[in-house]
2 protein chains.
Amino acid sequence: MNDDDENVKIAKVGQKVRGSKTGQPIMILFDLLGRRWAMGIIWNLSAQNCTFRELQARCDSLSPTVLNTRLKELRAANLVEKAQHGYGLTAEGTKLFKMLEPLGDWSYEWTDMLAE
Amino acid sequence: MNDDDENVKIAKVGQKVRGSKTGQPIMILFDLLGRRWAMGIIWNLSAQNCTFRELQARCDSLSPTVLNTRLKELRAANLVEKAQHGYGLTAEGTKLFKMLEPLGDWSYEWTDMLAE
DNA sequence: GTTTTTGCTACTAAAACAATAGCACGGCAT
DNA sequence: ATGCCGTGCTATTGTTTTAGTAGCAAAAAC
(Lines give C-alpha, C1' and ligand atoms only; values in the text may rest on other atoms or scores of the structure.)
Protein backbone atom coordinates (compact mmCIF):
# COMPACT_ATOMS: atom_id res chain seq x y z
CA MET A 1 0.00 0.00 0.00
CA ASN A 2 1.95 3.00 -1.19
CA ASP A 3 0.78 6.53 -0.63
CA ASP A 4 3.09 8.41 -2.94
CA ASP A 5 0.46 9.67 -5.32
CA GLU A 6 2.45 12.70 -6.28
CA ASN A 7 1.43 12.46 -9.90
CA VAL A 8 -2.34 12.61 -9.48
CA LYS A 9 -3.60 15.70 -11.17
CA ILE A 10 -6.35 17.71 -9.56
CA ALA A 11 -6.35 21.24 -10.81
CA LYS A 12 -5.73 24.11 -8.43
CA VAL A 13 -7.82 27.25 -8.46
CA GLY A 14 -6.75 29.55 -11.22
CA GLN A 15 -5.00 26.74 -13.01
CA LYS A 16 -6.40 25.55 -16.24
CA VAL A 17 -8.37 22.36 -15.94
CA ARG A 18 -8.79 19.79 -18.69
CA GLY A 19 -10.11 22.20 -21.26
CA SER A 20 -10.96 25.03 -18.90
CA LYS A 21 -8.54 27.91 -18.72
CA THR A 22 -10.43 29.94 -16.16
CA GLY A 23 -10.16 27.41 -13.37
CA GLN A 24 -13.16 28.43 -11.33
CA PRO A 25 -13.80 26.09 -8.39
CA ILE A 26 -17.07 24.83 -9.81
CA MET A 27 -15.36 23.91 -13.06
CA ILE A 28 -12.60 22.11 -11.22
CA LEU A 29 -15.29 20.20 -9.38
CA PHE A 30 -17.19 19.39 -12.57
CA ASP A 31 -13.95 18.31 -14.15
CA LEU A 32 -13.41 15.87 -11.31
CA LEU A 33 -16.97 14.61 -11.04
CA GLY A 34 -17.40 14.52 -14.79
CA ARG A 35 -15.21 11.48 -15.08
CA ARG A 36 -16.49 8.01 -15.51
CA TRP A 37 -17.74 6.51 -12.23
CA ALA A 38 -16.61 9.38 -10.00
CA MET A 39 -20.10 10.14 -8.73
CA GLY A 40 -21.02 6.49 -8.72
CA ILE A 41 -18.14 5.73 -6.40
CA ILE A 42 -19.16 8.49 -4.01
CA TRP A 43 -22.74 7.27 -4.15
CA ASN A 44 -21.76 3.72 -3.29
CA LEU A 45 -19.35 4.68 -0.54
CA SER A 46 -22.05 6.75 1.10
CA ALA A 47 -24.05 3.60 1.72
CA GLN A 48 -21.16 1.84 3.40
CA ASN A 49 -17.42 1.57 3.37
CA CYS A 50 -16.12 -0.84 0.79
CA THR A 51 -12.95 -2.66 -0.03
CA PHE A 52 -11.43 -2.21 -3.45
CA ARG A 53 -13.04 -5.33 -4.76
CA GLU A 54 -16.40 -4.67 -3.16
CA LEU A 55 -16.48 -1.28 -4.82
CA GLN A 56 -15.60 -2.90 -8.09
CA ALA A 57 -18.50 -5.28 -7.75
CA ARG A 58 -20.96 -2.57 -6.73
CA CYS A 59 -19.94 -0.37 -9.61
CA ASP A 60 -20.72 -3.19 -11.94
CA SER A 61 -17.21 -4.50 -12.24
CA LEU A 62 -15.53 -1.42 -13.54
CA SER A 63 -11.95 -2.10 -14.45
CA PRO A 64 -9.39 -1.91 -11.66
CA THR A 65 -7.41 0.53 -13.75
CA VAL A 66 -10.16 3.11 -13.72
CA LEU A 67 -11.21 2.40 -10.16
CA ASN A 68 -7.70 2.93 -8.93
CA THR A 69 -7.33 6.13 -10.93
CA ARG A 70 -10.61 7.49 -9.57
CA LEU A 71 -9.69 6.52 -6.02
CA LYS A 72 -6.38 8.32 -6.28
CA GLU A 73 -8.11 11.41 -7.64
CA LEU A 74 -10.85 11.36 -5.03
CA ARG A 75 -8.31 10.86 -2.28
CA ALA A 76 -6.19 13.70 -3.61
CA ALA A 77 -9.38 15.76 -3.58
CA ASN A 78 -9.90 14.79 0.03
CA LEU A 79 -13.32 13.30 -0.62
CA VAL A 80 -12.40 9.68 -0.05
CA GLU A 81 -9.96 8.08 2.35
CA LYS A 82 -8.78 4.69 3.49
CA ALA A 83 -10.78 3.47 6.43
CA GLN A 84 -10.71 0.51 8.79
CA HIS A 85 -12.65 -1.54 6.29
CA GLY A 86 -11.47 -0.55 2.83
CA TYR A 87 -12.41 2.91 1.62
CA GLY A 88 -14.86 5.47 2.90
CA LEU A 89 -15.97 9.06 2.47
CA THR A 90 -14.21 11.84 4.33
CA ALA A 91 -16.18 14.52 6.14
CA GLU A 92 -16.03 16.68 3.02
CA GLY A 93 -16.99 13.76 0.87
CA THR A 94 -20.05 13.21 3.00
CA LYS A 95 -20.95 16.88 2.65
CA LEU A 96 -20.71 16.54 -1.10
CA PHE A 97 -22.83 13.43 -1.05
CA LYS A 98 -25.50 15.18 0.98
CA MET A 99 -25.77 17.68 -1.85
CA LEU A 100 -26.00 14.99 -4.48
CA GLU A 101 -28.51 12.96 -2.52
CA PRO A 102 -31.63 14.77 -3.79
CA LEU A 103 -30.70 13.64 -7.28
CA GLY A 104 -31.62 10.13 -6.23
CA ASP A 105 -35.33 10.81 -5.87
CA TRP A 106 -35.45 13.24 -8.72
CA SER A 107 -33.84 10.75 -11.09
CA TYR A 108 -36.89 8.51 -10.71
CA GLU A 109 -39.36 11.15 -11.76
CA TRP A 110 -36.99 12.19 -14.51
CA THR A 111 -36.75 8.71 -16.03
CA ASP A 112 -40.52 8.29 -15.61
CA MET A 113 -41.05 11.45 -17.58
CA LEU A 114 -38.65 10.28 -20.26
CA ALA A 115 -40.44 6.98 -20.57
CA GLU A 116 -43.69 8.66 -21.59
CA MET B 1 -31.81 22.72 -38.02
CA ASN B 2 -32.73 19.09 -38.08
CA ASP B 3 -34.39 17.37 -35.19
CA ASP B 4 -34.07 13.77 -36.21
CA ASP B 5 -31.80 12.68 -33.41
CA GLU B 6 -32.96 9.11 -33.50
CA ASN B 7 -29.48 7.79 -32.87
CA VAL B 8 -28.77 9.60 -29.61
CA LYS B 9 -28.38 7.07 -26.87
CA ILE B 10 -29.77 7.80 -23.45
CA ALA B 11 -30.35 4.63 -21.53
CA LYS B 12 -33.83 3.65 -20.43
CA VAL B 13 -34.58 2.37 -16.94
CA GLY B 14 -33.63 -1.25 -16.59
CA GLN B 15 -31.42 -1.06 -19.63
CA LYS B 16 -27.75 -1.37 -19.13
CA VAL B 17 -25.94 1.92 -19.28
CA ARG B 18 -22.37 2.40 -20.40
CA GLY B 19 -20.88 -0.06 -17.98
CA SER B 20 -23.88 -0.41 -15.68
CA LYS B 21 -26.06 -3.43 -16.15
CA THR B 22 -28.54 -2.64 -13.41
CA GLY B 23 -29.82 0.57 -14.99
CA GLN B 24 -31.04 2.36 -11.88
CA PRO B 25 -32.22 5.91 -12.59
CA ILE B 26 -29.43 7.48 -10.56
CA MET B 27 -26.85 5.57 -12.55
CA ILE B 28 -28.45 6.61 -15.82
CA LEU B 29 -28.26 10.18 -14.61
CA PHE B 30 -24.65 9.82 -13.51
CA ASP B 31 -23.86 8.28 -16.84
CA LEU B 32 -25.28 11.31 -18.60
CA LEU B 33 -23.82 13.95 -16.30
CA GLY B 34 -20.51 12.14 -16.05
CA ARG B 35 -19.59 13.10 -19.57
CA ARG B 36 -17.23 15.87 -20.39
CA TRP B 37 -18.89 19.28 -20.13
CA ALA B 38 -22.40 18.00 -19.48
CA MET B 39 -22.73 19.75 -16.12
CA GLY B 40 -20.77 22.74 -17.34
CA ILE B 41 -23.28 23.25 -20.13
CA ILE B 42 -26.20 23.08 -17.72
CA TRP B 43 -24.42 25.49 -15.41
CA ASN B 44 -23.81 28.00 -18.15
CA LEU B 45 -27.29 27.77 -19.58
CA SER B 46 -28.76 28.43 -16.18
CA ALA B 47 -27.22 31.88 -16.20
CA GLN B 48 -28.74 32.75 -19.55
CA ASN B 49 -29.75 31.23 -22.83
CA CYS B 50 -26.90 30.91 -25.27
CA THR B 51 -26.37 30.31 -28.94
CA PHE B 52 -24.21 27.44 -30.01
CA ARG B 53 -21.19 29.62 -30.40
CA GLU B 54 -21.78 31.55 -27.20
CA LEU B 55 -21.92 28.30 -25.32
CA GLN B 56 -18.73 27.24 -26.98
CA ALA B 57 -17.02 30.42 -25.85
CA ARG B 58 -18.35 30.19 -22.29
CA CYS B 59 -17.25 26.58 -22.00
CA ASP B 60 -13.78 27.66 -22.92
CA SER B 61 -14.02 26.81 -26.58
CA LEU B 62 -14.85 23.18 -26.30
CA SER B 63 -14.88 21.53 -29.67
CA PRO B 64 -18.09 21.78 -31.66
CA THR B 65 -18.08 18.03 -32.02
CA VAL B 66 -18.43 17.48 -28.31
CA LEU B 67 -20.77 20.40 -27.78
CA ASN B 68 -23.12 19.12 -30.42
CA THR B 69 -23.02 15.61 -29.02
CA ARG B 70 -23.74 16.87 -25.50
CA LEU B 71 -26.57 19.09 -26.74
CA LYS B 72 -28.21 16.21 -28.53
CA GLU B 73 -27.94 14.06 -25.42
CA LEU B 74 -29.24 16.75 -23.11
CA ARG B 75 -32.10 17.48 -25.46
CA ALA B 76 -32.95 13.81 -25.70
CA ALA B 77 -32.93 13.80 -21.90
CA ASN B 78 -35.33 16.72 -21.94
CA LEU B 79 -33.05 18.93 -19.91
CA VAL B 80 -32.15 21.38 -22.66
CA GLU B 81 -34.20 22.73 -25.54
CA LYS B 82 -33.98 25.21 -28.35
CA ALA B 83 -35.23 28.60 -27.31
CA GLN B 84 -35.88 31.95 -28.93
CA HIS B 85 -32.26 32.87 -28.48
CA GLY B 86 -30.18 29.74 -28.99
CA TYR B 87 -30.46 27.07 -26.34
CA GLY B 88 -31.95 27.08 -22.87
CA LEU B 89 -32.86 24.83 -19.97
CA THR B 90 -36.23 23.10 -19.89
CA ALA B 91 -38.35 23.12 -16.76
CA GLU B 92 -36.79 19.81 -15.75
CA GLY B 93 -33.34 21.12 -16.59
CA THR B 94 -33.93 24.05 -14.29
CA LYS B 95 -35.02 21.69 -11.53
CA LEU B 96 -31.82 19.75 -11.96
CA PHE B 97 -29.77 22.92 -11.90
CA LYS B 98 -31.45 24.02 -8.67
CA MET B 99 -30.13 20.84 -7.13
CA LEU B 100 -26.64 21.37 -8.45
CA GLU B 101 -26.56 25.01 -7.44
CA PRO B 102 -25.34 24.45 -3.86
CA LEU B 103 -22.22 22.90 -5.31
CA GLY B 104 -21.22 26.37 -6.49
CA ASP B 105 -20.66 27.76 -3.00
CA TRP B 106 -19.34 24.55 -1.60
CA SER B 107 -16.73 24.26 -4.34
CA TYR B 108 -15.09 27.42 -3.04
CA GLU B 109 -14.63 26.11 0.46
CA TRP B 110 -13.53 22.80 -0.98
CA THR B 111 -10.78 24.30 -3.12
CA ASP B 112 -9.76 26.53 -0.22
CA MET B 113 -9.37 23.48 1.94
CA LEU B 114 -7.34 21.72 -0.73
CA ALA B 115 -5.05 24.69 -1.07
CA GLU B 116 -3.94 24.40 2.55
C1' DG C 1 -27.14 40.95 -52.86
C1' DT C 2 -23.15 40.67 -50.46
C1' DT C 3 -21.08 40.08 -46.00
C1' DT C 4 -21.52 38.02 -41.28
C1' DT C 5 -22.95 35.13 -38.14
C1' DT C 6 -24.67 30.67 -36.75
C1' DG C 7 -25.20 25.76 -36.46
C1' DC C 8 -23.05 22.17 -37.59
C1' DT C 9 -20.25 18.15 -40.16
C1' DA C 10 -15.66 15.91 -41.49
C1' DC C 11 -11.46 14.54 -40.43
C1' DT C 12 -7.34 13.43 -37.49
C1' DA C 13 -4.78 13.07 -33.23
C1' DA C 14 -4.65 12.42 -28.38
C1' DA C 15 -6.50 11.00 -24.17
C1' DA C 16 -9.56 8.32 -21.36
C1' DC C 17 -11.65 4.11 -20.50
C1' DA C 18 -12.59 -1.04 -20.77
C1' DA C 19 -11.09 -5.84 -20.33
C1' DT C 20 -8.30 -9.32 -19.01
C1' DA C 21 -4.34 -11.41 -16.82
C1' DG C 22 -1.70 -11.78 -13.08
C1' DC C 23 1.69 -10.41 -9.29
C1' DA C 24 3.01 -9.13 -4.40
C1' DC C 25 1.58 -9.04 0.10
C1' DG C 26 -0.97 -10.19 4.43
C1' DG C 27 -3.69 -13.32 7.14
C1' DC C 28 -4.49 -17.93 8.58
C1' DA C 29 -5.00 -22.55 8.95
C1' DT C 30 -2.20 -26.86 8.81
C1' DA D 1 6.99 -22.88 7.58
C1' DT D 2 4.21 -23.64 3.97
C1' DG D 3 0.45 -23.78 1.13
C1' DC D 4 -3.95 -21.46 0.35
C1' DC D 5 -6.99 -17.61 -0.15
C1' DG D 6 -8.53 -12.78 -0.45
C1' DT D 7 -7.11 -8.07 -1.29
C1' DG D 8 -4.95 -4.12 -3.55
C1' DC D 9 -3.08 -3.11 -7.39
C1' DT D 10 0.00 -2.92 -11.97
C1' DA D 11 0.72 -4.19 -16.92
C1' DT D 12 -0.81 -4.66 -21.36
C1' DT D 13 -3.73 -4.18 -25.22
C1' DG D 14 -7.86 -2.74 -27.68
C1' DT D 15 -11.86 0.42 -28.01
C1' DT D 16 -14.35 4.58 -27.19
C1' DT D 17 -14.38 9.53 -26.08
C1' DT D 18 -12.75 13.80 -26.39
C1' DA D 19 -9.85 17.51 -28.41
C1' DG D 20 -8.53 20.39 -32.23
C1' DT D 21 -8.88 22.37 -36.58
C1' DA D 22 -11.00 23.40 -41.08
C1' DG D 23 -14.72 24.57 -43.43
C1' DC D 24 -19.54 24.51 -45.51
C1' DA D 25 -24.72 25.49 -45.94
C1' DA D 26 -28.41 28.17 -44.25
C1' DA D 27 -30.16 32.07 -41.92
C1' DA D 28 -29.56 36.84 -40.57
C1' DA D 29 -27.81 41.42 -40.92
C1' DC D 30 -26.65 45.11 -43.62
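Reminder, nothing fancy here: chain letters follow the sequence lines and each chain counts from 1.
The stretch residues 47-55 of chain A comes close to DNA chain D through T51(A), F52(A), R53(A), each having a heavy atom under 4.0 Å from the strand.
The structure places CD of Q48(A) at 9.5 Å from CG of L55(A), a figure rounded to the nearest 0.5 Å. Summarising the geometry, atom CG belonging to N49(B) is positioned 11.5 Å from atom OH belonging to Y87(B); distances are rounded to the nearest 0.5 Å. Taking OG1 of T111(B) as the start and CD of Q24(A) as the end, the distance is 11.0 Å to the nearest 0.5 Å. Atom CG of residue L67(B) and atom NZ of residue K72(B) lie 11.0 Å apart, to the nearest 0.5 angstrom. L71(A) contributes atom CG, which lies 12.5 Å from atom CD of E81(A) (distance to the nearest 0.5 angstrom).
Residue L71(B) is the one, among S63(A) and L71(B), whose nearest nucleotide of DNA chain C lies closer to the 5' end (criterion: closest heavy atom). Map P64(B) and G86(A) each onto its nearest nucleotide of DNA chain D; the residue landing nearer the 5' end is G86(A). Place R70(B) and Q56(B) on DNA chain D by their nearest nucleotides, and R70(B) ends up nearer the 5' end.
Taking 4.0 angstrom as the limit, N68(A) places none of its side-chain polar atoms (N or O) nearer than this to OP1 or OP2 of dG8(D). Dashed line: the shortest gap from a side-chain N or O of K82(A) to OP1 or OP2 of dC9(D) is under 4.0 Å. Side-chain nitrogen and oxygen atoms of R36(B) include none within less than 4.0 Å of the OP1 or OP2 phosphate oxygen of dA15(C). The phosphate of dC9(D) has OP1 or OP2 within less than 4.0 Å of a side-chain N or O from Y87(A).
Nearest nucleotide to the side chain of W37(B), out of dA19(D), dG20(D), dT20(C): dA19(D). Closest to the side chain of K72(B), from the set dA19(D), dT9(C), dT20(C), is dT9(C). Of the candidate nucleotides dT10(D), dC11(C), dC8(C), dC11(C) has the atom lying nearest to any side-chain atom of T65(B).
Pairs engaging residues 37-59 of chain B under the salt bridge (Lys or Arg N to Asp or Glu O under 4.0 Å) rule: none recorded [sequence neighbours left out]. Identified under the ring pair (Phe, Tyr, Trp, His ring centres under 6.0 Å) test for residues 45-79 of chain A, with sequence neighbours left out: none.
Note: CG (L67(B)) to C1' (dT6(C)) measures 12 Å, nearest angstrom. One can place CG of D31(A) at 10 Å from P of dA19(D), the figure rounded to the nearest angstrom. Rounded to whole Å, the distance from CZ on R35(B) to C1' on dT16(D) is 11 Å. Counting to the nearest Å, the P atom of dA28(D) and the CD atom of Q84(B) are 14 Å from each other. Between the C1' atom of dA19(C) and the CG atom of L62(A) lies a distance of 11 Å, rounded to the nearest Å.
Note that the two end axes of the helix from dG1(C)-dC30(D) to dT30(C)-dA1(D) enclose an angle of 30°, each drawn from 5 base pairs, rounded to 10 degrees.
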Side-chain polar contacts of residues 92-104 of chain B - donor-acceptor pairs under 3.5 angstrom, sequence neighbours left out - could you list them?
| residue | atom | partner | partner atom | Å |
| --- | --- | --- | --- | --- |
| E92(B) | OE1 | W106(A) | NE1 | 3.1 |
| T94(B) | OG1 | T90(B) | O | 2.9 |
| K95(B) | NZ | E109(A) | OE2 | 2.9 |

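The pair E73(A)-R35(A) counts as a salt bridge, with a side-chain nitrogen and a carboxylate oxygen less than 4.0 angstrom apart.
Considering only residues two or more places apart in sequence or on other chains, Y108(B) meets the side chain to side chain contact (heavy atoms under 4.5 Å, CB included) condition with P25(A).
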